[in-house]
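Just below is one structure, and these are the notes that go with it.
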Amino acid sequence: AADKILSMSTTTSTQASGLLNILLPAFEKDTGIKVKVIAKGTGAAIRDGVDGNVDVIFVHAKSREEDFVKKGYGTKRYAVMHNDFVILGPANDPAKVKNSSSASSALKKIALNQSTFVSRGDDSGTHTKEQFLWKQTKLKMKTTTTTITKKGKKKSVSYSQPIGSWYNSIGQGMGKVLTYADEKQSYTMSDRGTYIKYKFGRKQKFDLTVLHEGDKALANPYGIIPINPKTHPHVKHKLAVQFAEWLVSARGQKLIDGYRLIGKQLFYPDAI
Amino acid sequence: MGFFLDSFISAFELIRSLDTELLLIVVVSLKVSGFSTLFAGVFGIPLGFLISFNEFRGKRLLITCLNTMLALPTVAIALFVYAFISRRAIFGSLDLLYTQKAIIIGQTFLIFPIIATFTISAISHIDQRYRKTALTLGANQKQVAFIVLREAKYGILAAIIASFGRVISEVGISMMLGGNAKGFTRTITTAMALEYDKGEFVLAVALGMVLIIISFAINLLFHLFQGRDSK
Amino acid sequence: MGFFLDSFISAFELIRSLDTELLLIVVVSLKVSGFSTLFAGVFGIPLGFLISFNEFRGKRLLITCLNTMLALPTVAIALFVYAFISRRAIFGSLDLLYTQKAIIIGQTFLIFPIIATFTISAISHIDQRYRKTALTLGANQKQVAFIVLREAKYGILAAIIASFGRVISEVGISMMLGGNAKGFTRTITTAMALEYDKGEFVLAVALGMVLIIISFAINLLFHLFQGRDSK
Amino acid sequence: MILYALQKITKVFGSRRILDIDFLEIEEGKIYALLGPNGAGKTTLLDVLGFLEPLTSGEIIFKNRTVKYSENHLQKLRRNVVMVNQKPILFSTSVFKNLDFGLKIRNIPAPKRRLIIEESLDLVGLRHMIQAPAHKLSGGETQRVVLARALALSPQVVLCDEPTASIDLENQVETVNLLKTINEEKNISIILASHDRSQALSIAHHTLFIDHGSISDASYENLFSAIIHNADDGGSTCTITPGIELTLSRQQKGKKRILLDPSKIELLDDGHPHSGPNILNGEILSLSKEKDNIRLMINIGIRLTVFLSSSQYRKKRPLVGDLVSIQIQPQAARIL
Amino acid sequence: MILYALQKITKVFGSRRILDIDFLEIEEGKIYALLGPNGAGKTTLLDVLGFLEPLTSGEIIFKNRTVKYSENHLQKLRRNVVMVNQKPILFSTSVFKNLDFGLKIRNIPAPKRRLIIEESLDLVGLRHMIQAPAHKLSGGETQRVVLARALALSPQVVLCDEPTASIDLENQVETVNLLKTINEEKNISIILASHDRSQALSIAHHTLFIDHGSISDASYENLFSAIIHNADDGGSTCTITPGIELTLSRQQKGKKRILLDPSKIELLDDGHPHSGPNILNGEILSLSKEKDNIRLMINIGIRLTVFLSSSQYRKKRPLVGDLVSIQIQPQAARIL
Ligand SMILES: Nc1ncnc2c1ncn2[C@@H]1O[C@H](COP(=O)(O)OP(=O)(O)OP(=O)(O)O)[C@@H](O)[C@H]1O
Ligand SMILES: Nc1ncnc2c1ncn2[C@@H]1O[C@H](COP(=O)(O)OP(=O)(O)OP(=O)(O)O)[C@@H](O)[C@H]1O
Ligand SMILES: [Mg+2]
Ligand SMILES: [Mg+2]
């Protein structure tokens, strides 16, 4: 029976949105395979894949995923689904970002108005996307570099962010960022799933509303990658591939398409 | 506050409905914490005895080091253990990461210094005469240790309970080494962290209340046990 | 293990370069932990004295409750404090959430039972005769407490150091009430958690080493202090 | 003047009545010795007299004023009475600070405090140790510093609980002399508990015997465990150890504690060993002076104390080592 | 037979030499009493004899075999020697289990253990308390159970550290008698430390005086602190208390401890008070028997012990209360 258990590292958003609660029981019913889910930040999930701690990873940071496959840690990236990011803010919208032409121009307005903006700051898929958008605003960025030693060699880790104390980088998961931003009545960027859950799925009130959405640049694709058995011979590659293919099969995609949270669609299938 | 009332009602509901999922989480918590307390005791108590009973250079420094270990953050311990049991590490092939065993290993490291230092302190409060009396009656080192153990039993028991309280309430190691996998390594605290992540504060507090009830029950038992004996 | 060597070198690099960001994090950690230890001491030590010095119904039950509070998970404490200081709660207008003050409040709740129970235990190990002697020499309650405090000073100091170790190494409260806001409420442990989340384990361990160096220094100081006196 | 008057006091710990004194008056300016077996309640009584333990019932009148059990009132009273513990302790600081503590509390200005402290240490001959750390003193030194600490406060009463147990002979003598001196020169009343009867008698104006929490006028001497059987004639036979049997006039039974009043034991005239009921033979071990009596210790298998009046002693002139016969009158025996 | 032979032993704690004994032999089957002031090293010596403390240097020969300081060897030796502590303790369990502990360790079968335990408790008269929880016994009972626990192991040697301090008279007598009994009936050697000189003498075959860690043949009596000044004639004057001055033959100076040998003090014949150098007047407080001597306690301002031989005593027939004159020979004084 132990062989029928598949370990998967994934981002908190897939778990917190409740999607896995639909997909996994169905998958187990179809194949008899149980999936053990380890939910964490995108960076740590990818790290799990690099270290071979799990059999498959299910994350949303497309460029890093492709890099992951290229380096030989994974066999193939299956595009499973996408949803999108939204820019949230207080209803009175002090920076007047409503009706901005693009996501980056919305961010620029926030910066120019010095309105508080809360950032994930944790190297997650969302954070990667946010950094990409900030770069497009052509605002001046501050880059911090830390030198560390890896395998005896010096290596530097750097990240950049806009300048100013209005920019709050809090290094936490999406849910906590939303709580934080709501408390501070500030702007932030979130994936739609978590936002819907917070806004409509709980008893507690949540005041932030969507101020900008729909820009192509805000797309948020999720991919699943089985770990490469050449790098980590112990992984249950067959089961991993079975799961990935099940997800992109008509059955999996239909379940994704049909998933509703409080009557709202969260994810859009990418494979059909 | 309405919030706490809600949580309280939810906690009560959770318990009353004997929710199987809750039950499983509680069982995992108890099992993991129980084993790590057991192992920490098995290593920590004898270590405390060894340190107390022997005079050697650097003894006080060793105790200082143990005291320092009390301030080891769970994140650091988790990473330390991770470095040994991750797939690519020496013990990787044992496939320990993201299992209850991994949590137990990490938690054992967390509380082992607590038990050792408490034991040293409990023994230091036991009159030297107990040791001398046992010796003069012909006891060997092991039998002396047994006598001292009996006299220090409440101190050591208190250490064990405090340690159990520490592990059952910790979240860092359980999360990082156990992975909070539903049905496998989800404990009360990681479930709380998850509910908090999801913004489900009421459920998080309800779980916290379940935890407090468990640890109150354990402390009450200790209280009654000690009370009966000192009457 | 290469991993630890890497981390060690990185930690050394971090400290050597006097990285301003690291410095800020360390300062915030020390400041927050220092204040919460201070407040917990200011409330916990007198409470320990009050409980020890008075006989009343339910005294042992109260001690059992304090012991139970030792097992309060940080998540639960954080949520509890959150329920009072969130924007919509009674103290919301004070704008405490996600400030260092919020961390201090939460951590004070975390360690205050530790200090109280340690104080009770330290006093219970002090001979009743000290109290009687002070009384017969004409002391009032406050002066008696002073005498007992002096005799129990190392026990209480140990409690304070253990509490400081507990808060400087905890992550749940700092994360949830402080928010890990870079430059404001980022502490060593929340920074570690972040680096872990990012998969940058080397940096996480390096930060952990900085923390251990701090707490070793504090324990060493205590060790020397105590040693000088008992010579 | 009457220092303490105790009326119908009891002290109960749990379900045990530890003290039960109907009436007791203690005069001012005198030395009282409290004698009694282990667990008799000596320490507890001293605690009560030192206002350190509340009573379960009854009343204490201290210097004509009834003691009220409020912390404030007690604290004032305690300033007149200092207790020296059975196993005394010094605070973990210097000798000076130990003596300073009580004076500071009494708001005495610093220069005067210093004078008093030096004077008090002079009294016990330890002025040169004024700056020594208190917890490094030897047992005898500790005892003396504790006394100095009490005296520095010029109390009206000093309570001493076994001030010389475990103290060596040299220091025992010094301590006893010191107590005498302060009683005479400073007119401080002293109440001390002791097991050493001869020491107590050599120093005290009055001795009190306490047993099972009650004060009795019996002397703490010739106390034995005995087994008592009823005899046919309406009396009973009491076996103290095999070979030593007494005939008692009253019916009694079982294992009892028996007290033989030393002044009701008669030393028979010289001559061949006597024999008869309640007549025992033995050797005189020692002779000593005790107030107006002479105390004989006679080994009759057990050690027995006999009191002779001075005049009888001068008449009979018994010597140490003499073999003598004694007769124990039935009324000398008292069963506890 | 020689039980212990100690050769050039020293014991150092920190920088202080606590024991320093050149040579000491202890015979088998005898009772030895160890007398000496506080801090003299009595307890430490007993610890060494009980193989509980290692030596700093020197050698102990126990029953003709040199003691090796390895834990294994010591453990075997300890099975022959049981120590009864100065402040004895019982383990926090029942009286039965307390006695059982040492027997179980020696692998004695359970039924036999039970017999031995009951027998030992009978010896101290506490068989009825066999199941009582040990920590609820009174002081006197504890002391007796501790003795029973030692005796149950049928050791060859029992070491007792102040077995009667703080114990009431009744139990003191019982304890002393018990020690005598086991020495006589079971031929167990006993070494006891005590402050009570007369008690020690009444029970011991040999007394050892220990001071500053060294054994000396001086008796533990007439020990005073004195201030000595040089005199003009090459001798010196020694002031014990104001009014009591002695002339010594040797030059000395400073505050010293002085020992006056009681058998070198002469009781002058009756008559008017004598006077002259080293002649003092006082009252006889007590007379007692001590081996072949009679011991006089004389109050000359301080209490002084004087030994008379039996024949001299019978000749001079001093009485308690007599006023007498004594002469202290210069060679009676010994400066420590
Ligand atoms: N706090 C207490 N709680 C319960 N019992 C107590 C307490 N204090 C004393 N006792 C008991 O009261 C009795 C009298 O004790 P106390 O100390 O007054 O005796 P003592 O005459 O001083 O004896 P000793 O000669 O051994 O010093 C003892 O049996 C003791 O066990
Ligand atoms: N473990 C130790 N470390 C340092 N000094 C010690 C230790 N044990 C005893 N001493 C010192 O050694 C000396 C002798 O102590 P010991 O207990 O043998 O004296 P004693 O003759 O039994 O005195 P007492 O009559 O007070 O019982 C004392 O001055 C004591 O302070
Ligand atoms: Mg007492
Ligand atoms: Mg001793």
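Chain letters run A, B, ... following the sequence lines, proteins first, then strands; residues in each count from 1.
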Other residues, nucleotides and ligands only: do more than 12 of their heavy atoms fall within 6.0 Å of [atom1] on [X]?
X: E:Gln7; atom1: CD; value: yes
X: B:Phe216; atom1: CZ; value: yes
X: B:Phe43; atom1: CZ; value: no
X: B:Phe53; atom1: CZ; value: yes
X: B:Lys31; atom1: NZ; value: no

Inter-residue atom distance B:Tyr154.OH - E:Ser92.OG, 0.5 Å rounding: 9.0 Å
Roughly how far apart are E:Ile89 CD1 and B:Arg131 CZ, rounded to 0.5 Å? 12.5 Å
Please identify which of these residues, E:Leu153, E:Asn98, E:Leu103, meets the side-chain contact (heavy atoms from CB on, under 4.5 Å) condition with B:Leu137. E:Leu153
Look at [options] and state which one has the largest set of heavy-atom pairs under 4.5 Å with chain B.
options: E:Glu71, E:Arg78, E:Glu53; answer: E:Arg78
options: E:Met83, E:Lys76, E:Gln75; answer: E:Gln75
options: E:Val84, E:Thr93, E:Asn80; answer: E:Thr93

Does any non-hydrogen side-chain atom of [Y] lie less than 4.5 Å from one of [X]?
X: E:Asp47; Y: B:Lys132; result: yes
X: B:Thr133; Y: E:Arg149; result: yes
X: E:Phe51; Y: B:Thr136; result: no

Select one option (side chain, backbone, both, neither) describing which atoms of B:Ile147 are under 4.5 Å from chain E's heavy atoms. side chain
Engaged part of B:Arg129 at the chain E interface, taking heavy atoms whose separation is under 4.5 Å: both
Quick check against the 3.5 Å criterion: does E:Arg79 have a side-chain atom that pairs as donor or acceptor with the backbone of B:Gly138? yes
Any donor and acceptor pair, going by atom type alone, linking the side chain of B:Gln143 with main-chain N or O of E:Ile105 inside 3.5 Å? no
Which atoms of [X] approach chain B - backbone, side chain, both or neither, heavy atom under 4.5 Å:
X: E:Leu90; result: backbone
X: E:Val81; result: backbone
X: E:Pro88; result: backbone
X: E:Phe91; result: both

Please list all pairs passing the side-chain hydrogen bond (donor to acceptor under 3.5 Å, both in side chains) test where one or both residues lie in residues 101-112 of chain E, with sequence neighbours left out. none
